Amino acid sequence: MKTPYEIKYMKSKEKIAMLTAYDFSSAGLMDGIADLILIGDSLGMVVLGYENTTKVTMDDMLRATGAVARGAKNTLIVGDMPIGAYDSNTNALKNANLFLQAGAHAVKIERKPETAKFLVSKGIRVMGHVGLTPQTITNFKVQGKDEETADKILEEAKLMDKYGCFSLVLECIPRELAEKVTKSISIPTIGIGAGPDCDGQVLVMHDILGLYGDFKPKFVKRYAEIGEQIKKAFLEYRNDVKEGKFPADEESFH
Ligand code: KIV
């Protein structure tokens, strides 16, 4: 298993591949393949069926973290702090520790460099997240397209670096800005919709497997259409049951 320290020193040496997971079985399948596993609060959408991530609770995240940690014993696991879990330093520390007790090795927070600084000072490994930050944004579009917002993102990224984060997610920003951020900070950037010049990439597992909805955002690459295969299997099972073909004698006891 790579440590946060080793992930940090992968910058400019080896690209970092992160994936999300939310359950024991999928985590087991990606264990030792992904450099890091993120239990993203995207769980709210792809697992729980909410429209966005703002209804996700610590209980939701901790249950998933335990399952992922039991499935992936050889991979660095990052727990995504849900909305409200770091609205004060006291809450942030309490909830970060709950993630660690559930099996995560580090936590991720959206923006809030001062909170990152506080957590790091208490010995918590923190991954930052800037650009499109779904917990606080209402405008789900590429961020940092004008000079003012681009400067703000760069400034936040520099603070996350200065305050001791071991890596930084850049979500949905122009590739030129992602390249500039990547060159301006000492920690690795992990992009999602931020182009190829980041130090690593992250995608939501359900997106790369075709398991969530029909809409495919521009930045997603589908590596498999598992959703279609699952539907086909469900249909075949249903038809076999209805036609009396399942169970056959080989699936029966004597
Ligand atoms: O919740 C999530 O899956 C994330 C990634 C998109 C970085 O925050």
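Below, all heavy atoms of this structure are taken into account, side chains as well, without hydrogens, waters or symmetry copies. Every number for a ligand or one of its atoms is a count from 1 in the order of the listing. Since this is a predicted model, take the numbers as computed values, not measurements. The chain is numbered in sequence order, starting from 1.
- For the 3.5 Å distance criterion, the side chains of Glu110 and Tyr86 fail to qualify, holding no donor opposite an acceptor.
- Placement of Ile37 and Met81 within a single hydrophobic cluster is found when ILVMFWY residues are connected by side-chain heavy-atom separations under 4.5 Å, directly or transitively.
- Remark: ligand 1 and Tyr22 share no N or O pair separated by less than 3.5 Å (distance only, no angle test).
- Under the 4.5 Å side-chain heavy-atom criterion for grouping Ile, Leu, Val, Met, Phe, Trp and Tyr, Val126 is connected to Val78 within one hydrophobic cluster.
- Counted by atom type alone, Thr57 and Asp60 present one or more donor-acceptor pairs between their side chains at under 3.5 Å.
- Below 3.5 Å of separation, one finds an N or O of Asp41 facing an N or O of ligand 1.
- For atom 2 (C) of ligand 1, the nearest protein heavy atom (residue, atom name, distance) is Ser42 OG, 3.3 Å.
- Counting only N and O atoms by type, the side chains of Tyr163 and Ser121 include no donor and acceptor under 3.5 Å apart.
- Looking only at atom types and distance, the side chain of Asp161 has a donor-acceptor partner in the side chain of Ser186 under 3.5 Å away.
- For ligand 1 and Gly40, the ligand atoms under 4.0 Å from any heavy atom of the residue are 1 (O), 2 (C), 3 (O).
- Residue contact check for ligand 1: His129 places a non-hydrogen atom closer than 4.0 Å to it.
- Summary of contacts: the protein heavy atom closest to atom 8 (O) of ligand 1 is Lys108 NZ, 3.1 Å.
- Residues His129 and Asp80 have side chains that never bring a donor and an acceptor to within less than 3.5 angstrom of each other.
- Under 4.0 angstrom from ligand 1, the non-hydrogen atoms of Asp80 all belong to its side chain.
- At a 4.0 Å heavy-atom cut-off, ligand 1 touches Leu38 through the side chain alone.
- Remark: ligand 1 and Thr20 share no N or O pair separated by less than 3.5 Å (distance only, no angle test).
- Ranking protein heavy atoms by distance to atom 6 (C) of ligand 1, first place goes to Ile192 CD1, 3.6 Å.
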